[in-house]
Amino acid sequence: MPAPLLSIRNLRTYFHLDEGVLKAVDGVNLDLQPGQTLGIIGESGSGKSVMARSVMRLVMPPGRIAAGSQILLSVDGKDPLDIAQLPFESKALRQIRGRLISMIFQEPMTSLSPVHKVGFQIAEAALLHVTKDRKEARAIALDRLTRVGIPNPERTLEAYPHELSGGLRQRVMIAMALACRPKVLIADEPTTALDVTVQWQILRLMAELRDDFGMSILYITHDLGVVAQIAETVAVMYLGQIVETADVLTIFEHPQHPYTQSLLRSIPHVGRRSRERLEAIAGTVPMPINLPVRCRFADRCQSAFSDCFEVAPALVEGQPGHAVRCFLHSKEIEQHG
Amino acid sequence: MIPSRRLWLRWPFGGQRGSPSAAHDEAATEKYYIASQWQLIWRKFHKHKLAMASGLVLILLYALAVLSDFIAPYPTAQRSSYRNAPPQTLRLVSEGYTGLHVYGYKQENDPQTLRIMNLPDESQILPVKFFVHGHEYRLLGLLTTDIHLFGVEGGTIYLFGSDELGRDLFSRIFAALRISLFVGLIGVFLSFVIGVVLGGISGYFGGAADIAVQRVIDLLLSIPTIPLWMALSASLPPHWSSTRVFFGITIILSLIGWGGIARIVRGKFLELREEDYVTAAVVAGSTSMRIIFRHLVPAFASYLIVQLTLSIPGMIIGETALSYLGLGIRAPAVSLGTLLKDAQNVRVVALYPWLLIPAVFLIVIVLAFNFLGDGLRDAVDPYKQ
Amino acid sequence: MGHFIIRRLGYIAILLVLVSIVSFIIIQLPPGDWLSAYVTRLRVQGATINEEIIQGLKRQYGLDQPPVRQYFTWVSNLVQGDFGYSFSYSRPVKDLIIERLPATLGISVLTILVTYLIAIPIGIYSATHQYSVGDYVFTFLGFIGLSVPSFLLALILMFLGYKYFDLSVGGLYSPQYIGEPWDWDKFVDMLWHLPIPVLIIGLSGTTGLIRVLRGTLLDEIHRPYVDTARAKGLRERVLLYRYPVRIAINPLISTVGWLLPAMFSGQVIVSIVLNLPTVGPLLYEALRAQDTYLAGSIVMILSLFTLIGTLISDILLAIVDPRIRIEE
């Protein structure tokens, strides 16, 4: 297996609030291979968005990436660069943002400046990193708009975001992210705010563009269907930690963690017997402030036993490429082994 | 019909807000989520020390204003031969006397200007007595009495000095506080009534009523207020009594001041009308009145209180400005503005700086209202932590 | 855009009609009509007035007609440039107002400019340095500015100037230049007298603007488009001015709508206190003398300026903010 493009090691992003320390991301390890799409799935409050923003260093005070966290980016066989260590206003960080790693956000309306033309907003990224020539930047903007399948790219260059539909705006966001041909595209729930039909168009577009541009995608979502569509590898997050990670087929066919299992039971299936009821996971995601040391899912878990309330389980790789953070799973491994 | 009625009854008192006893053992964060809106507001406001202090100062000033007859040692119009006399300092120890006292005045001619000067006379010790008999007044308009908080015998006690007619500035300031503070309160109340009714009609019903109200508000907001206030108060008939003038001025101030409040109410109505919970209420068959008072008004009552608090100082300043120009409150009534009228001439103020004491009260009042309003605004904003 | 301007013009026209009605009410409000008050005053002073002149005046201003007819007479006179006659100055109202217009408009424009020039940098500083010492200092000064009424501030400054610096704060030029023709010395002298009135009149507007700008900018700084721009790799400073500041400053243009009336209010009363040659003292004298045509016309003129200012700001806003044109 080639060296990972992006390697996140023990990432911890904490928010220092009056009420205590909110551990939004608490010890996440992830590897993103070149050309791969990694899906991160979790409920709201699971820390998946903060994790994605941490990679771009977009976490603002009171949020902070804790010491010891590593976000290693290795491009073209060069020595890995630790994004977590870069000063916030450093040139090195700006060189990464937009050029090596790009990001698209959930709300295409509010994520675009309402008073700047679409063309300017796309060309700006190109002007920052790849060219000093305004005409060339404009040509890049036009090219990207064409690539993302916008029907009338010349006119769209001169349009303001409020003149476009939600789907078109998200295409503009993608065009902007692609301006400098980044190695990594982070997509933070880019289709959540869109209509279902538009969602699938955007997903298909992203999959195509990934191959065209040779990017890797870190895809954040709460929607299992979306993950099934786009990702090769899936990491399930709960309360700031990864509870299960495996390739997409394994996650859907042989989920091991009770949380993943109940997530899967909560979505409707074609072919499921109509009498069967959809399951909801009991309770809500608690606030990760001052959590006791134990399994974080224990309170909502149907299979929890005494250990779960006393010791925190570790993420254990039972089969190659399939790691689970659950005592039930590690017991199985012991029995087998 | 019975089930729906039960729902009807349960809804307003149901578990939506959570009973305090249930929340008792829960973690602090949990408590935060179930506390009622007003509890949250109070909790946040409580942390705002400056706003809390301002609130207390205002309560105190209003109390003093209500009791001004009792606190003031002299009637507002009582003159003496000590004209433009400086404030008498309260003293505890002097030669031959220990206890709260002031010195009396001795009059001398200024050697250069021959102006009569009132100087403290150390040989004339006037002990300050409490609950003394003085002029008669009706306390709170109910009880006729002649007891005053403090006073001296055989001389004068002018804690803030006297004006050019030899009237006690201290007594006049407290009488003025009553007028100035209540102009603000009554004026805002009138503005509030007009603003909520017209703004509500405009925002809730829309259509022609909305357009008409909107244009009138635009008109009021685009005419400079002070010239308009001046023109309107100048046209109050000269033969009116000072009480009628007081109400006339208050009405003028509020007639022009309601526009801002109406605009806010209208905006909030328009905004809230689209909210899902209002749609839910409409779908559930609630009447317009019920929706307005049960769902809409509570949703922005806190916001409205903030706006009202912040518009009181404007009214007080308006009245003061008019009275300062001689177009507002008329004698024998006094307001902070009429007192400041005596300070119009810079040369006079340079000689008798105590004439500016009413300005200190004015600034403290306006500052306190602004701090209070600001603290309330922060407290009612649900999105601010 | 043209459509937008036409709509705004129509809207201003409606307001103008309403303003003229208010001004007419001001003229009509004092008990009795001004002519009989005027005649009585002259008679008390011992003058003899020809009955024919009185009848002539009555006809000219339509005083023998019902109020609605009088209003239309007044408006048609107004349109032809006849603002009526000032009886306390014995001159046409138009001449009196025109005489005072340069100072009135000059001080207004200067005050508005100074207000924006001071408020914008401070507002940006306060928002980008939230809870810093500087932010607290400006916030506190803002409260003071908000709480000290302008006439009182003028009074206090006059007092301090007189007592400690032996300065006469007041007027627009030193006594020796009053009534003199304009020359360089008089101009320089006026420049020395300008800052204090301009700052006093502008203070409350400035503090208001700082609050507005600080508030909007604090909101804008946390909007998603800022993250988008940051994710492109923009420098923090460039980012700040290109996106949130640019967007937060737009609505400031529309603050002219409330800034202008407040500024004219302040100007009228500060001019009275500081004796500036604007329409303020003229209005004051007119009201005291029940010179109703003069008073009503001044209110009318000031409102007209406010409306024109609002119109200009609306158009500017539509130019800088593309969303406005669509919404309207």
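Put simply, the side chain of C:Met300 does not reach to within 4.5 Å of the side chain of B:Ile223, judged on heavy atoms. Within the 4.5 Å cutoff, the side chain of C:Pro149 has no heavy atoms near those of the B:Tyr324 side chain. Two residues are said to be in side-chain contact when any heavy atoms from C-beta on lie closer than 4.5 Å; C:Ser303 and B:Ser222 fail this criterion. Side-chain atoms of B:Asp218 and C:Leu18, non-hydrogen and from C-beta on, never get closer than 4.5 Å to each other. Put simply, the side chain of B:Asn345 does not reach to within 4.5 Å of the side chain of C:Met158, judged on heavy atoms. The closest side-chain heavy-atom distance from B:Pro227 to C:Ile298 is not below 4.5 Å.
Neither the backbone nor the side chain of C:Phe305 has a heavy atom closer than 4.5 Å to any heavy atom of chain B. At a 4.5 Å heavy-atom cutoff, the contact between C:Val19 and chain B is made by backbone and side-chain atoms alike. Proximity to chain B is limited to the side chain of C:Ile14, based on heavy atoms less than 4.5 angstrom apart. Heavy atoms closer than 4.5 Å to chain B are found in the side chain of C:Val273, but not in its backbone. When heavy atoms are compared at a cutoff of 4.5 Å, B:Ser233 does not approach chain C at all.
With respect to C:Leu146, the side-chain contact (heavy atoms from CB on, under 4.5 Å) criterion is satisfied by exactly one of B:Asn370, B:Leu310, B:Leu367: B:Asn370.
Partners of C:Phe24 according to the ring pair (Phe, Tyr, Trp, His ring centres under 6.0 Å) rule, which considers only residues two or more places apart in sequence or in another chain, are C:Tyr71, C:Trp74.
Listed here is the closest heavy atom pair of C:Leu15 and B:Arg215: CD2-O, 3.7 Å. Nearest heavy atoms, C:Phe159 versus B:Pro353: CZ-CB, 4.2 Å. Scanning all heavy atoms of the two residues, the minimum distance from B:Ile226 to C:Ser265 falls at N-OG, 2.9 Å.
Of the listed residues B:Val349, B:Thr320, B:Leu50, the one with more heavy-atom pairs under 4.5 angstrom with chain C than any other is B:Val349. Heavy-atom pairs under 4.5 Å with chain C peak, among B:Ile317, B:Leu219, B:Ile363, at B:Leu219. Of all the listed residues (C:Ile272, C:Leu260, C:Thr310), the one sharing the greatest number of non-hydrogen pairs under 4.5 Å with chain B is C:Ile272.
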- Intermediate values then yes/no, side-chain contact (heavy atoms from CB on, under 4.5 Å), C:Phe151 and B:Leu325: CA-CA 10 Å; C:Phe151 76 92; B:Leu325 295 177; over 6 Å; no
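In this structure, B:Leu362 CG and C:Leu152 CG are separated by 6.0 Å, a value rounded to the nearest 0.5 Å. Considering CE of B:Met230 and OH of C:Tyr284, their distance stands at 7.5 Å, rounded to 0.5 Å. C:Leu155 contributes atom CG, which lies 6.0 Å from atom CG of B:Leu356 (distance to the nearest 0.5 angstrom).
Ring planes of C:Phe140 and B:Phe371: parallel class, angle under 30° (limits at 30 and 60°).
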